[in-house]
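Since this is a predicted model, take the numbers as computed values, not measurements.
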Amino acid sequence: MADKPVYEEASIDGQPSKLASIPASDTTVWADASPLLQAACAGLRDGELIHGDNFNLFAAMSALEIMDPKMDSGIVCTYYSIDEAIENGAAPIPISLDSTIDVCRTIDIMDHLLACEAAWHKGHSLAQTVFSCIYLLRLDRTAPHALLHSYCRIIRATCKAVVSVVSDARTHEEEDLFTLTYGLPLNGDGDDKCLSILNAVEETISRQLRACKATSSKRRLPEDLEPLQSNPNLEEGFCKALLCRLRFRKHFFHVLSCMKRPQGRGLESARKHIASCLTELESILKSADFLRSCFDESCEGDIDDKTTASGFEPIGFDAMLNSRLSAPTPPRAIKILSWKKAVEYFVKLLHDLDVICSYSLDPHLESLLRFVVQFQKSQPDLVARSHLQLLLVQDGKLYGRDPFFAVINKAAALPEATKNHDIQKNESFLQLGMLVMNLLKILCTNAAWQRRKLGKFLQDWRVIYVQLELAFRNEYGEVSSSSNDENTCMKIFQHILLWVEEQTFWIAFRFLILGFELELYSTGEYCMVYWYLYAVLIKLAEKTHLMMAVSHDTAKRKGKKKKDSPKDLARESRIPPAVLFLQCYICLAEGLTMYLSRCLLL
């Protein structure tokens, strides 16, 4: 088939109808392929394709069906290039000669960009969401419009920061379109100054708002301060609507920057900016009534489905303009979130980020695993999960400061002095550290991907246990007289072998529980699943009890040796709360297994 694109479309009567053409260059000549296509269609039966000798299944799955709106990314475009869209007035600068309308439409662009950003976070393509904005694609054109220019710059810098976080965390395998930038202008000169530009615009509008709030005797504006628009009665409302949107963007960018600081140094600052973001989002919601009352004309349709607070369609957007950048996949139908749902999304995202920032960076692995599992119950989206993973694992260390051998050493109830032992250079211990690091990364993925990975991960933990056991036997199995250093190594091996068993059963338990959360089990499988849980929990309780006994013994040796009192003996005979909790799980699993088995017999 000819490689040159079709520039004409056949009409119903067979005559070609002109479409908006792409101008030819010195190296390209456009030819009308309609007669060739019509001849091919006449000779093809249903289901047949024109293909070369090297055509394969992968090519068939990626084949482009010309003239099919669902497959042909070129047929559904209103404009074939950014320049053509601009020439046809799709993204005017200024937006309107009427200053009041210009400000109102600028706010519409801000609101729609917020909705596009939320849709992008949900897994849609960046090219067809945020960068469907023509102003972002030609950012230099917005320079005369300071308000729009500053907002577009901070949007682009924010997108770059989010892409960086998700790419570094590599938790986006289930949302593979998220980090694809398709050659879009994501990196721009001077983006490091986006905050200073935004601050300058914010200061100007703040001065305008202060002037509006002044008493009537001081109502006259300073000579160097021009009003935003021509209607004095609307000036204060527009100032408030703009300020809350600009301040939200500024604080959100600060949140992303602070959370990326190494070793969690920026978490406290991030929490302050998160609180400011939530305050500004409340103000954004309150501005909706004012924006809808600015004009006598009312928008059509349900206001809750609109992507702007005013309810009007935004200017300067074309979702299909970049659709051909996603080849060889067919163009996807993008459903942009409504403005209200976009605000709700960012409120939840900020709450999730606040939970991460409020974590105490506990070096105990057991507490950390509990925190991650609890955090996942709120079903955080990709951006929050990526930030959590980057906080937990930095430069191959926990929180970027604690080596994983030291973390394992603490979890296995070993003395503090052993965390720097040379045994950590052993190949098996290095692999065990990698397994713990990968476990934390897996727990930060979404529930479906997490369960799939944990199912494969169980075998790795079993293999490392066998390797550690063999290494232990080879090194110390035939030692008749042991030195103090050899005794220390033996103790490390024994503690860690027991801890690896405990972790293996914990992973198996987590794998089974995720099946309930994802609703993967059918009614007939419940009895079998509860029986599996019963068996796993018995082993987990057994290993947990042994670990706690070992931990208690280690702590006891640190203290002064003295005769055990009756109170100490009574304390040792008690079952630890963690084991009691697991025993409750065991009884529950056993009871449900017996109940379901009887139901099946009846």
Side-chain angles (χ1 to χ4, degrees), residues 362 364-377 408 410-413 432 435-436 438-440 442-443 445 447-448 450-466 468-469 494-553 572-601:
D362 193 338
H364 291 85
L365 189 62
E366 182 183 357
S367 301
L368 174 58
L369 294 178
R370 272 201 305 269
F371 169 77
V372 176
V373 170
Q374 187 64 34
F375 177 73
Q376 285 280 28
K377 289 182 179 179
I408 295 169
K410 188 183 289 289
L432 179 60
L435 282 182
V436 175
N438 289 334
L439 174 61
L440 293 176
I442 289 171
L443 292 176
T445 58
Q450 186 182 149
R451 188 176 188 273
R452 179 184 174 188
K453 287 285 189 180
L454 288 179
K456 298 177 181 179
F457 204 49
L458 270 172
Q459 184 63 27
D460 295 335
W461 280 82
R462 183 57 188 167
V463 169
I464 198 65
Y465 177 84
V466 173
L468 286 169
E469 193 175 34
Q494 290 168 346
H495 279 238
I496 288 182
L497 280 170
L498 181 58
W499 177 79
V500 169
E501 279 193 295
E502 182 191 16
Q503 288 303 119
T504 304
F505 289 117
W506 184 89
I507 293 170
F509 172 68
R510 178 69 182 154
F511 173 79
L512 291 170
I513 290 297
L514 282 170
F516 288 107
E517 294 181 12
L518 295 168
E519 300 180 359
L520 298 179
Y521 305 131
S522 64
T523 306
E525 293 174 325
Y526 279 156
C527 184
M528 176 186 66
V529 172
Y530 280 118
W531 181 83
Y532 281 149
L533 275 173
Y534 172 71
V536 168
L537 285 166
I538 284 180
K539 286 292 184 181
L540 180 57
E542 176 189 325
K543 301 303 176 185
T544 302
H545 201 176
L546 283 172
M547 279 301 306
M548 289 188 167
V550 168
S551 178
H552 178 74
D553 183 56
E572 287 182 15
S573 64
R574 293 175 187 169
I575 300 176
V579 178
L580 282 174
F581 182 70
L582 289 173
Q583 286 181 344
C584 292
Y585 265 129
I586 291 170
C587 294
L588 180 64
E590 184 181 17
L592 287 170
T593 304
M594 294 176 65
Y595 170 75
L596 290 171
S597 62
R598 289 177 180 176
C599 289
L600 290 173
L601 289 174

| task | Only counting residues at least two apart or in another chain, list the ones meeting side chain to side chain donor-acceptor pair (under 3.5 Å) with Asp362. | result |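 With neighbours one apart ignored, the set is His364, Ser367.
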
Check your understanding: Which residue pairs pass the side-chain hydrogen bond (donor to acceptor under 3.5 Å, both in side chains) test with at least one member in residues 527-541, sequence neighbours excluded?
Key ->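 For residues 527-541: none.
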
Ignoring hydrogens and angles, write down the donor-acceptor pairs under 3.5 Å from the side chains of residues 499-518, residues two or more places apart or on other chains.
from	atom 1	to	atom 2	distance (Å)
Glu501	OE1	Lys543	NZ	3.2
Glu502	OE2	Thr544	OG1	3.2
Thr504	OG1	Val500	O	2.7
Arg510	NE	Gln450	OE1	3.1
Arg510	NH2	Gln450	OE1	3.3

For Arg462, give me all partners under salt bridge (Lys or Arg N to Asp or Glu O under 4.0 Å), at least two apart in sequence or on another chain.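 Partners of Arg462 by the salt bridge (Lys or Arg N to Asp or Glu O under 4.0 Å) criterion come out as none, since no residue qualifies.
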
Checklist line | Residues forming a salt bridge (Lys or Arg N to Asp or Glu O under 4.0 Å) with Glu525, sequence neighbours excluded | finding: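 Expected list: none.
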
Name all residues meeting the side-chain contact (heavy atoms from CB on, under 4.5 Å) criterion together with Leu368; count only those two or more places apart in sequence or in a different chain, and write none if there are none.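 Testing Leu368 for side-chain contact (heavy atoms from CB on, under 4.5 Å), a comparison that skips the adjacent residues, returns Tyr359, Leu365, Val372, Leu392, Leu398, Tyr399, Leu440.
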
- Message: I'd like to check Trp461 versus Leu458 (side-chain heavy atoms, cut-off strictly below 4.5 Å). Are they in contact?
- Response: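 In short, these two side chains do not touch, never coming nearer than 4.5 Å.
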
Exercise for review: Answer yes or no: is there a side-chain heavy-atom contact under 4.5 Å between Gln376 and Leu443?
Suggested key: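 Of all side-chain heavy-atom pairs linking Leu443 with Gln376, none is under 4.5 Å.
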
Mind checking the [atom1]-[atom2] spacing from [X] to [Y]? Nearest 0.5 Å is all I need.
{"X": "Leu432", "Y": "Ile408", "atom1": "CG", "atom2": "CD1", "value": "4.0 Å"}
{"X": "Ile464", "Y": "Gln459", "atom1": "CD1", "atom2": "CD", "value": "12.0 Å"}
{"X": "Arg452", "Y": "Ile442", "atom1": "CZ", "atom2": "CD1", "value": "11.5 Å"}

